[in-house]
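One structure is given here, and the rest of the page talks about it.
Quick note: numbers below take in every heavy atom, side chains included, and nothing from hydrogens, waters or symmetry partners.
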Amino acid sequence: MTMDLFSQFASSTSLGIPLILLAMLVPWLLFPSHSTRWVSNRLLTSQNWFLITFTKQIFLPLNSPAHKWAFLLTSLMAFLLSMNLLGLLPYTFTPTTQLSINLGLALPLWLATVLVGFRNQFNHSLAHFLPEGTPTPLIPVLIMIETISLFIRPLALGVRLTANLTAGHLLIHLISSAVSAIFSLSPTASLLTFAVLILLTILEIAVAMIQAYVFVLLLSLYLQENT
């Protein structure tokens, strides 16, 4: 039972080749390309509206030097959002349930924000490790705490996204299994469980969207600290 429950998070293989790379490339194929027409279709117009609105929402409170990251973070948001939502479809694989994938996204981007801070404002970045007016006996302890809190940020980013999506997929799997298991015993209870499954699926759609937004939002906050 345990192996069946967690087997949905194992990457499928074909001829011994993991298909996780294919699963990560498919979302980009679903985005419509720009056309040379004067009037865009509804899908392209909706996509442009979403990207423009998201970019304004994220980068409005940031300084001008941080606006160089607009294309990168907007692309990351579109990538995470599409993978999270496509993973809710039946018989699909969600790469963002893999901690290695999420850490592979979080660690380089977090490190880039830290390096930008040390390059542009070295003294200000070092000042975060020791608040002004700290008593002398507490200086080593505070420096250690601030260092740990700094290095735990990418881990928190990856674990948060992985845990939320994994928990949702497990709940959907368990409740959907219960619907078919209790149908022969009590059709009424099975229908009620199916209604709960529908509500949980709607909730997971919201969670998939929110977690993608939170991932990019926290990266933008880290960027704001260093610019």
Side-chain angles (χ1 to χ4, degrees), residues 1-32 41-44 46-47 49-51 54 75-107 154-218:
M1 175 64 181
T2 304
M3 291 300 296
D4 294 338
L5 191 61
F6 287 93
S7 61
Q8 59 178 315
F9 303 113
S11 176
S12 302
T13 58
S14 178
L15 300 176
I17 302 175
L19 298 180
I20 187 172
L21 294 178
L22 180 61
M24 296 176 64
L25 290 176
V26 165
W28 296 112
L29 302 178
L30 300 179
F31 284 93
N41 56 33
R42 291 183 178 88
L43 181 59
L44 189 58
S46 301
Q47 174 187 314
W49 172 83
F50 168 75
L51 294 178
F54 170 77
S75 301
L76 179 62
M77 174 64 185
F79 179 63
L80 291 176
L81 181 61
S82 58
M83 282 200 302
N84 292 350
L85 293 178
L86 289 176
L88 293 174
L89 297 175
Y91 303 105
T92 56
F93 174 71
T94 313
T96 45
T97 57
Q98 306 295 312
L99 184 60
S100 58
I101 298 294
N102 296 332
L103 287 180
L105 293 172
L107 186 59
L155 181 61
L157 278 177
V159 170
R160 180 186 295 107
L161 182 59
T162 303
N164 282 281
L165 295 180
T166 302
H169 282 66
L170 288 176
L171 283 175
I172 290 177
H173 182 81
L174 289 173
I175 295 179
S176 61
S177 301
V179 171
S180 58
I182 67 177
F183 182 78
S184 59
L185 301 177
S186 175
T188 303
S190 179
L191 290 177
L192 292 177
T193 308
F194 181 74
V196 173
L197 178 62
I198 296 298
L199 295 177
L200 180 61
T201 303
I202 297 174
L203 176 63
E204 284 307 311
I205 293 175
V207 168
M209 300 171 66
I210 291 172
Q211 289 304 316
Y213 178 76
V214 168
F215 190 93
V216 179
L217 178 63
L218 290 177

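- Interatomic distance, CG of Leu200 versus CD1 of Ile205, reported as 10.0 Å (0.5 Å rounding).
- With sequence neighbours excluded, the residues satisfying side chain to side chain contact (heavy atoms under 4.5 Å, CB included) with Ile210 are Val214.
- Partners of Ile202 by side chain to side chain contact (heavy atoms under 4.5 Å, CB included), not counting sequence neighbours, listed by chain and number: Ile198.
- Heavy-atom contacts from other residues, nucleotides or ligands closer than 6.0 Å to CZ of Phe194 number 12 or fewer.
- No donor-acceptor pair under 3.5 Å is formed between the side chain of His173 and the backbone N or O of His169.
- With sequence neighbours excluded, the residues forming a side chain to side chain contact (heavy atoms under 4.5 Å, CB included) with Leu155 are Leu103, Ile152, Val159, listed by chain and number.
- Rounding to the nearest 0.5 Å gives a distance of 10.0 Å between CD of Gln211 and OG1 of Thr96.
- No side-chain heavy atom of Thr94 sits under 4.5 Å from any side-chain heavy atom of Met83.
- Between Ala208 and Leu81 the shortest heavy-atom distance is O-CD1, 4.4 Å.
- Leu80 and Phe215 get closest at one heavy-atom pair: CD1-CD2, 3.5 Å.
- The shortest distance between side-chain heavy atoms of Thr201 and Leu197 falls below 4.5 Å.
- Across all their heavy atoms, Ala106 and Gly158 have their closest contact at CB-N, 4.3 Å.
- Contact of the Leu161 side chain with the Asn84 side chain is registered, since non-hydrogen atoms from C-beta on lie closer than 4.5 Å.
- Counting only heavy atoms from C-beta outward, the side chains of Leu218 and Arg160 approach each other to under 4.5 Å.
- Contact check for Met209 versus Leu85: side-chain heavy atoms found under the 4.5 Å cut-off.
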Side-chain donor-acceptor distances from residues 181-192 under 3.5 Å, at least two apart:
from   : atom 1 : to     : atom 2 : distance (Å)
Ser186 : OG     : Ala189 : N      : 3.3
Ser190 : OG     : Val179 : O      : 2.9

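- For Thr162, the side chain to side chain donor-acceptor pair (under 3.5 Å) partners at least two apart in sequence or on another chain are Asn102.
- Here Leu199 pairs with nothing under the side chain to side chain contact (heavy atoms under 4.5 Å, CB included) rule; sequence neighbours left out.
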Test Leu88 against Ile172 for side-chain contact (heavy atoms from CB on, under 4.5 Å), laying out the working first.
CA-CA 9 Å; Leu88 293 174; Ile172 290 177; 4.3 Å; yes
